[in-house]
Enquirer: 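The following block contains the structure, expressed as C-alpha cells.
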Amino acid sequence: MRSEIVRLYRQVHTWTGILTGLILFVCFYAGALTMFKEPLERWITPPAAVTPMALDEAGELIAATRALRPEVHDFTLALDPVLSGAAPLRLTWTEERIDPAPWAATLSPDGSVTVDRLDPAGIELLVDVLHRTAGIPGDLDIGTMVTGIASALYVVALVSGVIVLLPSLVKDFLVLRVTANLKRMWLDAHNVLGIVSLPFHIVIALSAVVFGLHDQIYDALDEVVYDGQMRTVIAASSPFRGVRKDTGPATMLAPQAFLDRVHALEPGFTPTSLEYHDAGTRAATVRVWGHDPRYLVRREGFVLLGAIDGRVIDTEYMPGHQGAWSSTVSAFFALHFGSFGGGVVRWTYFLLGLAGALLFYTGNLLWIESRRRTERRAGGPVTQSCSTRLLAAGTVGVCLGCVGGLSSSIAAGKWLNGLVDDLHAWHWGIYYVAFLGACIWAFLRGAARAGVELLWASAVASAAIPATSLLGWLAPGLGLWASPGLIGVDLVALAGALALASMARRTARRAQAGPRDSVWATGASATVPGRSASLNRVEVRSIDAPQSVTSTTEV
C-alpha cells in the first residue's frame, strides 16, 4: 500500500479519535457498568422483609387497585421477584400527563392495598443515561444525538485504523512489546486492544449510530423512501393493529392463565412481567414480557394476548416466532446490549467495555507523546504546546472524573438511601461534582500532577464501595447493611481500586523520573533546547501501564 495513503488514513484515524475519544470513554465505561446495573441498584437498596404471596392473589390486587384508582387502565405486574419470593405483589404505572414519577400498588397479607409514589430510579438510570449521552447536560435527545455523531466518527476511526495497520498486520499482529520505548509499548497495547475487539467495536459503533441518530434517520427515510407515509406503514405493522377499541366493561382472565397460555405456545420462554393495556374493557390486552436464552432479542421479547379470552394477537416480537426482518432487528439490539448468553456474555461485555474505554485513553496518550517526538526530529526546542497540555489535562480530568464520579455516586447511594427524598438527584449531583471537580483540578494542576492525584482519588472512591459493605457488616448501628448475595459488586470495586492505586504509583514514578520535556513529567512546560538533547539518555517508565518498565534508552 502506498505510503501516502497510509499517512492520510493515519491522520484521519488520529483526528477522529481525538474528537470523539473523551465522549466515547464515558459511554464505554458507563456502558460496561450497565451490564450489572440491577445488582448495583440492589446493592444500594436496603433489604426488606417480604411475605411470600402466591401469584393467584394478583387478581385480587388488580381488582382492588382499579377500585381505588379507576382511571388507571395501563399498568405492569412484575413476575420475577414475586415468583422468587424476593418482593411482594406490586403493580406499577405512570401518570405522565400529571407526573412522570412511577406509582405502585402493593397487596398486604391482610388483603389491604397501599398506593404510593415510588422514588425515582437511582444508579440504574445514572449509568444508563451516561452510556447514552456521555453526561452531556440538557435534553436527553440532544445528548443522544451528540453520541450518535461521535459514533459515526468512531466508525470512520475504526475503518481508517484498520487500513493503517494493514501493512504491518501480519508481522505485528497481537504483538505487545514491553520495552523501554514508551510510545512503542502504548502503540502495541492500542493496536492489540483494537484488533482483538474489532468485531465488538464495529457492532457497537454501527448500532450506536442508529440509536443516536434514530429520529434523523427515520425522517430521511420518511422523505426518501416512504413519501411521507412512514407513520401509516409503522401503524400497519404495530402488534396492536388487530385490537378493536371497545370501552365496554369486561372481566379479565387471571394472570396465571396468561402464563399457562404462553407456556403452551413456547415452553422455553420465561415470562418476567405482564403489561396490561385498557384493563377492564373489551379491548384489554396483556403483553407477556420475557426472555429465551436460545434467541437474540431486544433485552426482552413479548407476546401480545387478549386479556379477556387469552387469544394470541401477535407473536412478531416473541423469540422463536419472529419473521426475518424482526429477527434481524432484534439481533442488532441484542448484540449492542449483550442481552443474550447469560452471565458469560455479560461479563464478556463488561470487560470489552472497559477495554474500549482504555482504547480511547491510550489513543490520546499516543498523540500526546507523538508531538514531543515529532518536535525532537524537527531539531527544534521541545516545548509542550498549549494544545498538547490542554488535551493531556482534559484526558486526565474527563476519564478519571468519570471513574471517580461513578464510584463516589455508587458508594454514597448506600449512605444516603432512606435519608434523602430524591436519591436519583443526589446520584447525579455527586457524579457531576466529582466529574467537574476532576476536570477543573486537572486544568489547574496540569496533567502530570493531577494524573497522580486523581488516580489516588478514584482509587479511594472505588475502595469506598467494599468499605461501606464492610462497615455495614461490622457496625450495623450506622444504618448501613451488608449485601452477602452481592459480594461480586464489592470484589469488582476492590479490584478496580487496587488497579487504580497501582497506576497512581507508576504515574508518580514517571512524573519524577521520566523525560523532563514530557507533558507527563512535573515541570513539563520546560524547554529542552537543541537537537542534541534528543541523544541524552534518560530513564523511561510506563504511564498507567499494566506492567512497570524501567530501563535507559534514547528518546
Enquirer: Classify the angle between the aromatic ring planes of Phe360 and Tyr154 as parallel (below 30°), tilted (30 to 60°) or perpendicular (above 60°).
Expert: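 Aromatic pair Phe360/Tyr154 classed perpendicular.
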Enquirer: Would you say the side chains of Glu275 and His277 form a donor-acceptor pair under 3.5 Å?
Expert: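 Short answer, yes.
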Enquirer: Please answer whether the main-chain N or O of Trp43 pairs with a side-chain N or O of Lys414 as donor and acceptor at a distance below 3.5 Å.
Expert: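 Yes; judged by distance alone, with no hydrogens or angles, the pair exists.
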Enquirer: Under the salt bridge (charged side-chain N to carboxylate O under 4.0 Å, His left out) test, which residues partner Asp490, sequence neighbours left out?
Expert: none
Enquirer: Are Phe269 and Val288 close enough that some pair of their side-chain heavy atoms sits under 4.5 Å apart?
Expert: yes
Enquirer: Specify whether Phe28 and His201 have parallel, tilted or perpendicular ring planes, treating 30° as the upper limit for parallel and 60° as the lower limit for perpendicular.
Expert: parallel
Enquirer: Answer whether the closest heavy-atom distance between the side chains of Val398 and Phe435 falls below 4.5 Å.
Expert: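 Counting from C-beta outward, Val398 and Phe435 do come under 4.5 Å.
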Enquirer: Considering all heavy atoms of both residues, which atom of Gly306 and which atom of Ile313 are nearest to each other, and what is their separation?
Expert: N-CD1, 3.6 Å
Enquirer: Aromatic rings Trp93 and Trp103: how do their planes relate, parallel, tilted or perpendicular, breaks at 30° and 60°?
Expert: parallel
Enquirer: Any donor-acceptor pair under 3.5 Å linking the side chain of Asp278 with the backbone of Thr281?
Expert: no
Enquirer: Mind checking whether Leu474 and Leu470 have side chains closer than 4.5 Å, heavy atoms only?
Expert: yes
Enquirer: So which heavy atom on Ile204 is nearest to which on His336, and how close?
Expert: CD1-O, 3.7 Å
Enquirer: Would you say that Tyr295 contacts Ser327 through its side chain, given a criterion of any heavy-atom pair below 4.5 Å between the two side chains?
Expert: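 Tyr295 does not reach Ser327 side chain to side chain.
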Enquirer: List the steps, then state whether side-chain contact (heavy atoms from CB on, under 4.5 Å) holds for Phe25 with Val403.
Expert: CA-CA 10 Å; Phe25 179 94; Val403 174; 4.2 Å; yes
Enquirer: How far apart are the C-alpha atoms of Phe340 and Phe333, what are their side-chain angles, what is the distance that settles it, and do they pass the ring-ring contact (aromatic ring centres under 6.0 Å, His included) test?
Expert: CA-CA 10 Å; Phe340 64 97; Phe333 277 79; over 10 Å; no
Enquirer: Which heavy atom in Ile308 sits nearest to a heavy atom in Ala250, and how many Å separate them?
Expert: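 Heavy atoms of Ile308 and Ala250 come nearest at CD1-CB, 3.6 Å.
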Enquirer: Check whether any side-chain heavy atom of Tyr361 lies under 4.5 Å from a side-chain heavy atom of Tyr29, and answer yes or no.
Expert: no
Enquirer: Less than 4.5 Å apart, any side-chain heavy atom of Leu77 and any of Leu91?
Expert: yes
Enquirer: Consider only side-chain N and O atoms of Ser409 and Trp426, and report whether a donor and an acceptor are under 3.5 Å apart.
Expert: no
Enquirer: Give me the atom names and distance for the closest heavy-atom approach of Cys27 to His131.
Expert: O-ND1, 3.0 Å
Enquirer: Is it the case that more than 12 heavy atoms not belonging to Leu491 sit under 6.0 Å from its CG atom?
Expert: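 More than 12 within 6.0 Å, yes.
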Enquirer: Give a yes or no answer on whether the side chain of Asp292 reaches the backbone of Gly320 with a donor-acceptor pair at less than 3.5 Å.
Expert: no
Enquirer: Could you check whether any side-chain heavy atom of Leu416 comes within less than 4.5 Å of a side-chain heavy atom of Ile430, counting everything from C-beta outward?
Expert: yes
Enquirer: Which heavy atom of Val262 sits nearest to which heavy atom of Met318, and what is that distance?
Expert: CG1-CE, 4.1 Å
Enquirer: Phe302 vs Tyr317 aromatic rings, parallel, tilted or perpendicular, using cut-offs 30° and 60°?
Expert: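 If you compare the ring of Phe302 with that of Tyr317, the planes turn out parallel.
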Enquirer: What I want to check is whether the side chains of Ser330 and Gln322 have a donor and an acceptor closer together than 3.5 Å.
Expert: yes
Enquirer: Is a side-chain donor or acceptor of His427 paired with a backbone partner of Gly122 at a separation under 3.5 angstrom?
Expert: no
Enquirer: Grab the two heavy atoms, one from Gly338 and one from Arg346, that are nearest each other, plus how far apart they are.
Expert: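 The pair with the smallest heavy-atom distance is O-CG, 4.4 Å.
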Enquirer: Apply ring-ring contact (aromatic ring centres under 6.0 Å, His included) to Phe200 and Tyr349, showing your working.
Expert: CA-CA 9 Å; Phe200 171 78; Tyr349 268 57; 5.2 Å; yes
Enquirer: Are any of the side-chain heavy atoms of Leu406 and Leu126 separated by less than 4.5 Å?
Expert: yes
Enquirer: Would His321 and Thr315 count as having a side-chain donor-acceptor pair, cut-off 3.5 Å?
Expert: no
Enquirer: Report the C-alpha distance between Arg294 and Glu266 in whole Å, list the side-chain angles of each, state the deciding distance to 0.1 Å, and finish with yes or no for salt bridge (charged side-chain N to carboxylate O under 4.0 Å, His left out).
Expert: CA-CA 12 Å; Arg294 298 173 298 173; Glu266 184 55 70; 2.8 Å; yes
